[in-house]
Every structure is written in C-alpha cells, then in structure tokens.
Amino acid sequence: MKRLIFLGPPGAGKGTQAQILSDTYQIPHISTGDILREAVKEQTPLGQKAQSYMDQGELVPDDLILDLIKERLSQSDTAQGWILDGFPRNVSQASFLEKLLAELDLAADCALNLEVPDEVLVERLLARKRKDDNEETIRRRLEIYYKDTVPVINFYRERNTLKPVNGNASMEEVTASLKAIIEH
Ligand code: B4P
C-alpha cells in the first residue's frame, strides 16, 4: 500500500516522476493539473470555470478542487494506494486532505518534495511550450508557489512526513532517489 504526495514548484518534475512511479507500483497517478486540463479541453462546467485561472497562472479556487479530489479518492482503483500530483497546493487543501483521509481511517505515507532552483524551472517550462508556459505566467505561478504552496511544505514537516528530494538531476537519478525513499 502506497499513498504518496508529490510537492514541488511548477516544472519540478512532479508529473513526470508521478507517472513513472504510478507505472512501477501500479497505483493511480492523480494529477489535479491533468484533470483540470482535460476539463478545459472538453469544455465541461468545471473546465469553463477553471480556464481563466489556469491561463493566468493563478490557483483554481478550492471549491472547484476539493469535491473533485474527494470523489476521485473514493473510486475503487485507489484501494492499493495512489500518487497525488499537484494537490494539495495550499494549506487549506492540505487540511482538507488530512481530514478526508482521517474519515477513511487512512493517512498519507509521505510528502515527497522535489527541490529545483528557479532558473532551472523557468528553462524547463519554456522548453515544454504548454499553453500556460509563457514567461509572464511562469513568473506568476512561481509567486503563487512561494506564497501558497511553500507553507504546505511546513505543514508536512511539522507532521514528520516531509521527504526532501533533489529534483535538479537527470530524470533517472530523480526516480532512483524517490524509490530509495519510498522503499526504505
Ligand atoms: P500542474 O499541472 O500541477 O503543473 P506544473 O506544476 O506546471 O508541472 P510539474 O511539476 O508536474 O512539471 P512536469 O513534470 O510536467 O499545474 C498547472 C495549473 O493547474 C496550475 O498553475 C493551476 O492553475 C492549476 N492547478 C493544478 N492543481 C491545482 C490545485 N490543487 N489547486 C488549484 N489549482 C490547481 O515537468 C516540467 C517539464 O520539465 C517537462 O517538460 C519535463 O519533461 C521536464 N523535466 C521533468 N523532470 C526533468 C529532469 N529531471 N530534468 C530535465 N527536465 C525535466
């Protein structure tokens, strides 16, 4: 049973590594970014509400995210565990998750925090060329990361579940570091 939370700034490689480990451990990769992008593509009511926030690099409001996570974590494929990628993004999401898991009599194993310097992040994101990867939006996403998401790191540090990982290395090296922690 593996219940893993991936933290890290935009472009740290959360999505990349979460997908690799999801394949390795055969547990679902739950990315709020992917869920939102799919909703925008399909122009569902969620997607229509989320689009402008995402295009500007802002966080999508919690009321759009929390029910979505609750519903996703209650699906049957989560029985053997999961990897949460991009959630929680702020302390209110982290508290919500903690309560939700407590109701289910569960807890996350650890919060893996991928650390990468800002200048490397900007370089990676500009190279990726996703719709929200222009210089202005990237700057805004980093500001929001420092303001809203860095406190989540402290949230898990206080609970002794934070595991820092150097994300400024090759993809294979990062995967190896993550596996060493998870399988410890
Ligand atoms: P996300 O989809 O979560 O995207 P991200 O933080 O930009 O990317 P990630 O860290 O996953 O980087 P990746 O592996 O792709 O969020 C997008 C938006 O959705 C947010 O701005 C927000 O608006 C909204 N949102 C999502 N969740 C939300 C929530 N919970 N609440 C509110 N709003 C929410 O890697 C990036 C690039 O680096 C890739 O091109 C990759 O190939 C490359 N790369 C990865 N690892 C590398 C390595 N080791 N070396 C070199 N390159 C590497």
Side-chain angles (χ1 to χ4, degrees), residues 4-23 29-41 46-73 82-98 100 108 111-153 155-156 165-179:
L4 311 169
I5 295 171
F6 270 54
L7 302 176
K14 304 182 293 290
T16 306
Q17 296 297 333
Q19 190 52 53
I20 294 170
L21 295 180
S22 156
D23 292 342
H29 167 203
I30 301 174
S31 158
T32 41
D34 286 351
I35 294 171
L36 291 169
R37 275 185 291 280
E38 184 62 23
V40 170
K41 197 170 115 208
L46 167 68
Q48 288 175 3
K49 289 184 202 141
Q51 184 160 20
S52 62
Y53 297 98
M54 297 176 78
D55 286 347
Q56 287 164 38
E58 303 291 329
L59 290 184
V60 170
D62 283 356
D63 60 341
L64 296 182
I65 301 283
L66 299 180
D67 284 350
L68 179 159
I69 280 291
K70 186 171 181 178
E71 197 266 328
R72 183 65 188 87
L73 287 180
W82 33 254
I83 301 177
L84 278 181
D85 158 21
F87 182 94
R89 266 302 213 281
N90 57 32
V91 169
S92 84
Q93 293 183 4
S95 303
F96 174 87
L97 177 65
E98 190 175 54
L100 175 66
L112 298 150
N113 186 33
L114 287 175
E115 299 176 336
V116 179
D118 282 5
E119 53 292 3
V120 177
L121 299 172
V122 175
E123 231 173 76
R124 282 187 191 176
L125 293 175
L126 286 175
R128 182 169 67 176
K129 293 194 173 75
R130 203 170 70 193
K131 188 161 168 261
D132 58 344
D133 287 338
N134 61 69
E135 207 148 0
E136 194 186 336
T137 314
I138 292 171
R139 215 173 304 120
R140 183 66 189 142
R141 278 154 65 199
L142 280 172
E143 272 173 28
I144 303 261
Y145 170 76
Y146 284 110
K147 179 166 79 71
D148 289 339
T149 312
V150 165
V152 177
I153 298 174
F155 180 97
Y156 289 109
V165 178
N166 176 21
N168 190 19
S170 72
M171 287 187 200
E172 294 75 18
E173 286 167 321
V174 179
T175 307
S177 309
L178 288 165
K179 280 187 176 168

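Both ligands and their constituent atoms are indexed starting at 1 by order of listing. All figures in this text were calculated on a predicted structure; none of them were measured in a lab.
By the 3.5 Å distance cut-off applied to N or O atoms, Arg37 is counted among the residues near ligand 1.
Residue Ile144 does not touch ligand 1, judged by heavy-atom distances below 4.0 Å. The proximity of Gln93 to ligand 1, defined as any non-hydrogen pair under 4.0 Å, is limited to the side chain. Residue-level proximity to ligand 1 for Leu59 is carried by backbone and side chain together, each with a heavy atom below 4.0 angstrom. Contacts between Ser170 and ligand 1, counted as non-hydrogen atom pairs separated by less than 4.0 Å, involve the backbone only. Counting heavy atoms under 4.0 Å from ligand 1, residue Met54 touches it through both backbone and side chain. Contacts between Ala169 and ligand 1, counted as non-hydrogen atom pairs separated by less than 4.0 Å, involve the backbone only. Counting heavy atoms closer than 4.0 Å to ligand 1, residue Lys129 contributes nothing at all.
The Pro9 neighbourhood of ligand 1 comprises atoms 10 (O), with distances under 4.0 Å to a heavy atom of that residue. Close contacts between ligand 1 and Gly15 involve ligand atoms 9 (P), 11 (O), 14 (O) [criterion: under 4.0 Å to a heavy atom]. Close approach to Arg141 involves these atoms of ligand 1, each under 4.0 Å from a residue heavy atom: 7 (O), 21 (O). Atoms of ligand 1 lying under 4.0 Å from at least one heavy atom of Glu58, given by number and element, are 22 (C), 23 (O).
Between Arg139 and Glu136 there is no salt bridge, since none of the side-chain N atoms of the basic residue sits less than 4.0 Å from a carboxylate O of the acidic one.
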Name every donor-acceptor pair, under 3.5 Å, that has one atom in a side chain of residues 30-39 and the other anywhere in the protein, sequence neighbours excluded.
from	atom 1	to	atom 2	distance (Å)
Ser31	OG	Gly33	N	3.4
Ser31	OG	Asp34	N	2.9
Thr32	OG1	Gly86	O	3.1
Asp34	OD1	Arg37	NH2	2.9

Name the atoms and distances for all side-chain donor-acceptor pairs under 3.5 Å in residues 61-68, with sequence neighbours left out.
from	atom 1	to	atom 2	distance (Å)
Asp62	OD1	Asn90	ND2	3.2
Asp62	OD1	Gln93	NE2	3.0
Asp62	OD2	Ser92	OG	2.4

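Side-chain contact between Leu125 and Arg141 is present, with heavy atoms from C-beta onward closer than 4.5 Å.
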